[in-house]
2 protein chains.
Amino acid sequence: MTDTRNTRADVVEAAGRLFAERGYHGTSMRDLGRELGLHGSSLYSHIRSKEDLLVDVVQRAADLFQASAQRAMAAPGNERDHLRALIAGHLDVLLDHVDEARTFLNEARALDAANRGRVLEARDGYERTFRRVLADGKTAGIFRPDLDPVVTGILLLSVLNSVDRWYRPEGPLDRDQLVDAILAFTLDGIALPGG
Amino acid sequence: MTDTRNTRADVVEAAGRLFAERGYHGTSMRDLGRELGLHGSSLYSHIRSKEDLLVDVVQRAADLFQASAQRAMAAPGNERDHLRALIAGHLDVLLDHVDEARTFLNEARALDAANRGRVLEARDGYERTFRRVLADGKTAGIFRPDLDPVVTGILLLSVLNSVDRWYRPEGPLDRDQLVDAILAFTLDGIALPGG
DNA sequence: CCTACCGATCGGTAGG
DNA sequence: CCTACCGATCGGTAGG
């Protein structure tokens, strides 16, 4: 029980936790104060508005996802390797920063138009990296020639973005097996080869 | 501009619309009244509480999904056919009843424990139908022998449940092509056959 | 379905 | 970071 004062980072982190759990509109400033052991009104010495907190949480997630994509693409290998690295990196961000990631994915609509626009741009840039790998892998003859990079990118990200809703590290799959399972599903599907 | 009185069904429908758009906690009873052209307090001649509305919306979605799964399984054909029917039926519910479906998928956490439990049970029963088809198709030699029905069911439903976030009927894919694209992705993946 | 409210809670400010 | 508030809004009720 250390009871030093809270920093802005502490406040943002706790906000992420509550926003992810109950949603932005389901979290009051007094809830957040209680989480940190102080009065709701005291939060305003760290921030200017509740929406500021949402912006900070969401921005942090956006940065993490972007950095992950950059690392994945900087690694050596062909498009198949890059795709695996993108998947693994995405799951690392999603599972190691669940609160920020969930808030980024689910609470953007609570932002005002300008900030929401920035989130959508960030998502779009991130999605473009997936699309590029898929398109390049198709050109390189690694992926199917009839593959649609736009649709496929969306389908894959749908799978990835839902993982936090069901995956439990105590369960039968460890993180590597999870990545392999999703990669196998994406690459080979479920039908018998040549069926 | 007909201005007959609203029925309970009208109220539930409008609630679904707003809950899907802004979330349960992002919707006030006065917002909902405005949507229907009456005062927030007047809604209480139709309902007893705001949560009642959420329960109704979510229950309607649960019923639609369950009925869809039953129809899909009652149709003739093998497991591959049943899987296609499950996918097509799911997308019909999701896209023809977006508001109820979205609320069902995203706003369950706003329910109290008992009602949330019922939603989770409904989802679980629905998911079991998918698992059964996958397991039976594996036994029948239609799907891969190494297929994990639990994980695969989750991955497929992740894809399906995200469709309303990106699919636009005015876009390049009509509904049948959408079903085919998702079925192809699920069955065959993106790798070159024999790659 | 409206008018006229209720107590509770909301995000936020002033002043220390 | 606390105390003491602010006006606005919340879900909901009483009585017509």
Side-chain angles (χ1 to χ4, degrees), chain A residues 1-59 103 107-116, chain B residues 1-59 103 107-116:
Chain A
M1 282 281 158
T2 57
D3 66 348
T4 40
R5 292 184 139 218
N6 291 294
T7 65
R8 188 182 218 269
D10 295 331
V11 176
V12 174
E13 195 210 316
R17 217 152 52 225
L18 296 191
F19 292 166
E21 213 173 89
R22 319 176 188 174
Y24 178 75
H25 290 303
T27 304
S28 77
M29 295 305 280
R30 284 161 181 88
D31 289 340
L32 181 52
R34 206 173 302 122
E35 183 84 2
L36 290 162
L38 47 80
H39 289 219
S41 58
S42 301
L43 295 164
Y44 288 89
S45 54
H46 295 289
I47 54 152
R48 277 179 323 169
S49 71
K50 187 185 176 188
E51 177 152 353
D52 269 12
L53 279 176
L54 182 55
V55 170
D56 271 29
V57 172
V58 146
Q59 185 58 53
T103 303
E107 300 300 321
R109 70 176 165 200
L111 291 166
D112 64 35
N115 284 314
R116 193 169 52 249
Chain B
M1 285 278 159
T2 57
D3 65 350
T4 40
R5 293 184 139 222
N6 290 297
T7 65
R8 188 180 217 271
D10 295 330
V11 176
V12 173
E13 195 211 316
R17 219 154 48 225
L18 296 192
F19 293 166
E21 213 172 89
R22 317 176 189 174
Y24 178 75
H25 290 302
T27 304
S28 77
M29 295 304 280
R30 285 162 180 86
D31 288 341
L32 182 53
R34 206 173 303 122
E35 183 83 4
L36 291 161
L38 47 82
H39 290 218
S41 58
S42 302
L43 295 165
Y44 289 88
S45 54
H46 295 290
I47 55 152
R48 278 178 322 169
S49 70
K50 188 186 175 187
E51 178 152 354
D52 269 13
L53 279 176
L54 182 55
V55 171
D56 272 30
V57 172
V58 146
Q59 185 60 53
T103 303
E107 299 301 320
R109 70 176 165 200
L111 291 166
D112 64 36
N115 283 315
R116 193 170 52 249

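Each chain gets a letter, A, B and so on, in the order its sequence line appears, and its residues count up from 1.
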> Quick one: is B:His25 getting a side-chain N or O under 4.0 Å of the C:dC10 phosphate, OP1 or OP2?
Replying inline: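 Result: no.
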>> It should be established whether B:His46 places a side-chain nitrogen or oxygen under 4.0 Å from OP1 or OP2 of nucleotide C:dC1.
In response: yes
> A:Ser28 near the nucleic acid: base, sugar-phosphate alone, or nothing, with a heavy-atom cut-off under 4.0 Å?
Replying inline: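 If one applies the 4.0 Å heavy-atom cut-off, A:Ser28 turns out to touch the sugar-phosphate alone, with no base involved.
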Rounded to whole Å, how long is the line connecting atom [atom1] of [X] with atom [atom2] of [N]?
X: A:Leu54; N: C:dG11; atom1: CG; atom2: C1'; value: 14 Å
X: B:Asp10; N: C:dC1; atom1: CG; atom2: C1'; value: 14 Å
X: B:Tyr24; N: D:dG11; atom1: OH; atom2: C1'; value: 9 Å
X: A:Leu32; N: C:dT9; atom1: CG; atom2: C1'; value: 16 Å
X: B:Arg22; N: D:dC10; atom1: CZ; atom2: P; value: 11 Å

Distances under 3.5 Å between nitrogen or oxygen atoms of protein and nucleotides 12-15 of chain C:
from: C:dG12; atom 1: OP2; to: A:Tyr44; atom 2: OH; distance (Å): 2.8
from: C:dG12; atom 1: OP2; to: A:Lys50; atom 2: N; distance (Å): 2.7
from: C:dG12; atom 1: O5'; to: A:Tyr44; atom 2: OH; distance (Å): 3.4

> Hey, which of A:Asp52, A:Leu18, A:Val12 is the one that makes side-chain contact (heavy atoms from CB on, under 4.5 Å) with A:Val57?
Replying inline: A:Val12
>> Side chains of A:Arg22 and A:Asp31, heavy atoms from C-beta outward: is any pair under 4.5 Å?
In response: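 Contact flag for A:Arg22/A:Asp31 side chains = yes.
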> Would you call B:Leu43 and B:Leu53 a side-chain contact if the rule is heavy atoms closer than 4.5 Å?
Replying inline: no
>> Tell me if a side-chain donor or acceptor on B:Arg8 pairs with a main-chain N or O of B:His46 at a distance below 3.5 Å.
In response: yes
> Which stems, defined as runs of 3 or more consecutive Watson-Crick or G-U wobble pairs with both pairing distances under 3.5 Å, involve DNA chain D?
Replying inline: C:1-16 with D:1-16
